[in-house]
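Shown next, in structure tokens, is the structure this report addresses.
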Amino acid sequence: MSPHEPEEPATRSESSPAAASTCVTKTAGPRLPATPGAPGGAQVPRILLVAILVVMAVLAWWEMPQQWALDFLDATLGQAFSAFAIAKGLNATISVLQSSTIDLQVFQVSPGEALDPANDMIERFSWVMFAATGSLALQKLLLGISGSLIIKAFASGACLLAALGLLTGSRQSVDGMHPRQRWWQVAILRVALWGIALRFAVLSVALASGAAGQAFLDDSRDTQMAQLSVTQQQLAEVADKQVGGAHEERSWWQQFKGSMEGWVGGPITSVTQGFDAMTDKVIDLTMLFITQTVLFPLGFLWVALRLLRGLARLQ
């Protein structure tokens, strides 16, 4: 290069800030229009959150869902009591048959011992039914607490206060683009979420569990309970016939022959042979009541808590 030739400016290869901004604007694509009154479109989720809080404040005083949930719980509780009564009746009848003996003067025979496995299963089934009634009674108690005047007023007032606080505006961050909530807005929003949980968590769980049980479990449960009730009546008749009747004065051989003829070929034999069918009914009822009173409430409670967490993220 000649010394007389002018040098090119060093800034020729560098882009000016205005040019860089123009390039970014051209390559970034079209920008969506911001919502009026809110930088960067942040007002849309805020308005949605305010609307949800206002709706929750109104729904806290609506009595119809409370009555629906109580009806569901009462119906399921009645079914659980019926199943518990059938289980205790079966347990008592089989215990009587097990304790009965045939006195043959030389030795004793206890035909009812064949029902020992059935008695153990029925006894455990009665424990499950007792636990199911306890779970339903607890849900009913919590539902009554969540529907009390104090919880309604607390949930409604907290939701309205949080909605009013969100409408007062937000403090701008350093870059001036993203709004930040004041500390008291975050505090009252958390209080509102606690109020929503106290008022609607148990209510929504009871409604969802009752609706799911009515749609998927009631028909099968009623069928199994009817069949198990027939078995219980059958065993009760056998107990009345074999244990309640007095033996006539006969020789030990005639007494043995008559007693065994009464046992063998009678209803107790058919029940013993149909033990597998009765086992299936007991197992099915156990699973149905565990699903209705434990799995459904826990599952829907988890869903309700997840929804509350999603509502908290809208802030």
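Hydrogens, waters and symmetry mates play no part in the numbers below; they use all other heavy atoms, side chains included.
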For residues [X] and [Y], determine if any side-chain heavy atom of one lies less than 4.5 Å from a side-chain heavy atom of the other.
{"X": "Leu189", "Y": "Leu49", "result": "yes"}
{"X": "Gln224", "Y": "Asp280", "result": "no"}
{"X": "Leu307", "Y": "Trp302", "result": "no"}
{"X": "Phe72", "Y": "Ser209", "result": "no"}

Residue pair [X] / [Y]: nearest heavy atoms and the distance that separates them:
{"X": "Ala83", "Y": "Phe125", "answer": "O-CE2, 3.9 Å"}
{"X": "Ser146", "Y": "Ile151", "answer": "O-CG2, 3.4 Å"}
{"X": "Ala158", "Y": "Ala192", "answer": "O-CB, 3.5 Å"}
{"X": "Cys159", "Y": "Leu53", "answer": "CB-O, 3.3 Å"}
{"X": "Phe289", "Y": "Gln79", "answer": "CZ-O, 3.7 Å"}
{"X": "Val128", "Y": "Ile290", "answer": "CG1-CG1, 4.1 Å"}

Indicate if [X] and [Y] have the same hydrophobic cluster label, given that clusters are the connected sets of ILVMFWY residues with side-chain heavy-atom separations under 4.5 angstrom.
{"X": "Val303", "Y": "Leu301", "result": "no"}
{"X": "Met56", "Y": "Leu160", "result": "no"}
{"X": "Leu203", "Y": "Leu138", "result": "yes"}
{"X": "Trp127", "Y": "Leu288", "result": "no"}
{"X": "Val55", "Y": "Leu166", "result": "yes"}

Using side chain to side chain contact (heavy atoms under 4.5 Å, CB included) as the criterion, point out the one residue from Leu161, Leu193, Leu164 that pairs with Ile188. Leu161

When you look at CH2 of Trp194, are more than 12 heavy atoms from neighbouring residues, nucleotides or ligands closer to it than 6.0 Å? no

Atom [atom1] in [X], atom [atom2] in [Y]: separation rounded to 0.5 Å?
{"X": "Leu77", "Y": "Leu70", "atom1": "CG", "atom2": "CG", "answer": "11.5 Å"}
{"X": "Gln233", "Y": "Leu90", "atom1": "CD", "atom2": "CG", "answer": "10.0 Å"}
{"X": "Met225", "Y": "Ser82", "atom1": "CE", "atom2": "OG", "answer": "4.5 Å"}
{"X": "Leu143", "Y": "Leu136", "atom1": "CG", "atom2": "CG", "answer": "12.0 Å"}
{"X": "Ser135", "Y": "Gln292", "atom1": "OG", "atom2": "CD", "answer": "9.5 Å"}
{"X": "Thr293", "Y": "Leu298", "atom1": "OG1", "atom2": "CG", "answer": "9.5 Å"}

Side chains of Thr168 and Gln185: do they bring a donor and an acceptor to under 3.5 Å? yes

Can you say whether the rings of Trp68 and Trp62 are parallel (under 30°), tilted (30 to 60°) or perpendicular (over 60°)? perpendicular

Would you confirm whether [X], through its side chain, and [Y], through its main-chain N or O, come within 3.5 Å as a donor-acceptor pair?
{"X": "Ser148", "Y": "Ile145", "value": "yes"}
{"X": "Ser126", "Y": "Glu123", "value": "yes"}
{"X": "Arg309", "Y": "Leu305", "value": "no"}
{"X": "Arg199", "Y": "Ala155", "value": "no"}

Using the side chain to side chain contact (heavy atoms under 4.5 Å, CB included) criterion, which residues pair with Phe154? Sequence neighbours excluded. Val191, Leu198

Taking only residues two or more places apart in sequence, or in another chain, which ones meet Thr291 in a side chain to side chain contact (heavy atoms under 4.5 Å, CB included)? Leu217, Leu295, Phe296

Look at Arg221 together with Asp284 and state whether they make a salt bridge at an N to O cut-off of under 4.0 Å. no

Working note: Phe300 + Leu207, criterion side chain to side chain contact (heavy atoms under 4.5 Å, CB included); need CA distance, chi angles, decisive distance, verdict. CA-CA 10 Å; Phe300 288 120; Leu207 286 173; over 6 Å; no

